[in-house]
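All remarks here apply to the structure that follows.
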Amino acid sequence: MVAILLGLLLLGLVAAFAIGLPKAQGDEAAAEPEALELALPDTLPGGYVASDDPAAFADGQLADQAEDIAKQEQANADYGNGVLPDALGTSAATRTYVANGTEAVFVQVFQSEGGAFAPNNIPDPANSGGQAATEMAKVGDGACILTYGQAQAAGQAAPVAFSQCQVSQGEVTVQIGSSAIAAEDLVGVADDLVKTFQQD
């Protein structure tokens, strides 16, 4: 009798598992967000032109090489736009922009709520004479990694050599970096850009 009861109990558990598992998997699949179509624009606020457009270099010192540079940049963008979604498993795009003929701005957009963003290490400034080589900071609506260069003279603050910032809104995260543009300006551009994806 005990063996029969145990058998019925096990049979019931197996049946419940067989019925419940597909339902759970279906619920999980239904919970996955619909893939967004993410494409970065040809220009950004502030006069930044995509580096795969020869117009980005037309008025600068690289004007004679504009066509060749733009072709290479287009190849880089095409490659990156294939690699990012494959590696991350979510919609993503990348593009490089140029201001004043030579000032590069690197942009990526992801279908993600953001947050997973930090430098390799965050040293304590107290151990480096008051300013670490890398800093994590809140800048406006964004989080930024600021990498410092060498001070020009003793007693002077070291300049920021590269800023990389992240701004998120809804399902979209924009990551933007530059060695020539201040973090505050990068966050402003990212703010404007992330809002355009919310409107689509």
Side-chain angles (χ1 to χ4, degrees), residues 16-56 69-99 103-120 122 136-147 162-179 181 183-200:
F17 184 74
I19 293 166
L21 183 61
K23 184 177 185 308
Q25 288 178 333
D27 290 345
E28 185 178 326
E32 290 181 10
E34 183 179 339
L36 297 176
E37 290 290 332
L38 298 178
L40 288 163
D42 295 336
T43 61
L44 295 177
Y48 307 114
V49 180
S51 62
D52 49 89
D53 181 350
I69 295 172
K71 285 179 184 176
Q72 182 61 57
E73 289 295 301
Q74 182 65 65
N76 291 341
D78 290 344
Y79 178 75
N81 289 334
V83 168
L84 280 179
D86 287 346
L88 299 173
T90 187
S91 299
T94 183
R95 206 168 188 183
T96 300
Y97 296 83
V98 176
E103 297 174 353
V105 178
F106 308 97
V107 179
Q108 292 83 37
V109 59
F110 310 97
Q111 184 174 1
S112 166
E113 295 181 0
F117 181 68
N120 293 330
I122 306 174
M136 187 88 186
K138 178 78 174 168
V139 178
D141 293 332
C144 296
I145 300 169
L146 307 176
T147 303
F162 194 88
S163 300
Q164 186 174 25
C165 301
Q166 185 185 88
V167 173
S168 296
Q169 186 175 335
E171 288 184 74
V172 178
T173 293
V174 171
Q175 198 161 285
I176 185 168
S178 178
S179 61
I181 310 300
E184 293 82 359
D185 295 331
L186 293 177
V187 169
V189 172
D191 266 331
D192 290 340
L193 185 55
V194 77
K195 286 172 186 170
T196 67
F197 290 107
Q198 301 306 313
Q199 294 167 0
D200 291 343

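Annotation: the span from Lys71 atom NZ to Asn76 atom CG amounts to 14.5 Å, rounded to 0.5 Å. To the nearest 0.5 angstrom, Asp191 atom CG is 4.0 Å from Asp141 atom CG. If you take OG1 on Thr196 and CG on Leu44, they are separated by 9.0 Å, rounding to the nearest 0.5 Å. The line from CZ of Phe162 to CD1 of Ile181 is 11.0 Å long, rounded to the nearest 0.5 Å. To the nearest 0.5 Å, atom OG of residue Ser178 and atom CG of residue Asp185 are 9.5 Å apart.
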Show your working on side chain to side chain contact (heavy atoms under 4.5 Å, CB included) between Ser51 and Ile69 and close with a plain yes or no.
-> CA-CA 8 Å; Ser51 62; Ile69 295 172; 5.8 Å; no
Would you please test Phe197 and Leu36 for side chain to side chain contact (heavy atoms under 4.5 Å, CB included) and show each step?
-> CA-CA 9 Å; Phe197 290 107; Leu36 297 176; over 6 Å; no
Check against side chain to side chain contact (heavy atoms under 4.5 Å, CB included), Glu103 and Val98 | CA-CA 5 Å; Glu103 297 174 353; Val98 176; 5.7 Å; no
Take Leu193 and Val109 through the test side chain to side chain contact (heavy atoms under 4.5 Å, CB included) and record every step on the way to the result.
-> CA-CA 9 Å; Leu193 185 55; Val109 59; 5.7 Å; no
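For Met136 against Ala143, the heavy-atom pair with the smallest separation is CE-CB, 4.1 Å. Minimum heavy-atom separation, Phe110 to Ala92: CD2-CB, 3.8 Å. Across Asp42 and Tyr97, no two heavy atoms sit closer than the pair O-CE2, 3.9 Å. Nearest heavy-atom pair across Ala190 and Val174 is CB-CG1, 3.9 Å. Scanning all heavy atoms of the two residues, the minimum distance from Phe117 to Gln175 falls at CD1-OE1, 3.5 Å. Contact detail for Pro85 and Gly80: the closest heavy-atom pair is CD-O, 4.2 Å.
Sorted by first then second residue, the side-chain hydrogen bond (donor to acceptor under 3.5 Å, both in side chains) pairs that include residues 79-93, not counting sequence neighbours, are Ser91-Gln111. Among residue pairs with one or both ends in residues 44-55, those qualifying as salt bridge (Lys or Arg N to Asp or Glu O under 4.0 Å) are Asp52-Arg95; sequence neighbours excluded.
Of the residues Ile145, Leu146, Val139, the one that meets the side chain to side chain contact (heavy atoms under 4.5 Å, CB included) test with Ser163 is Leu146. Considering Leu88, Leu84, Leu38, Ile176 in turn, Leu84 is the only one that fulfils the side chain to side chain contact (heavy atoms under 4.5 Å, CB included) rule with Gln108.
Side-chain contact between Tyr48 and Thr43 is absent, with no heavy-atom pair separated by less than 4.5 Å.
Remark: side-chain polar atoms of Thr96 are not paired, donor with acceptor, to backbone N or O of Ala50 under 3.5 angstrom. Of the possible donor and acceptor atoms, none in the side chain of Ser168 sits under 3.5 Å from a partner among the backbone N and O of Thr173.
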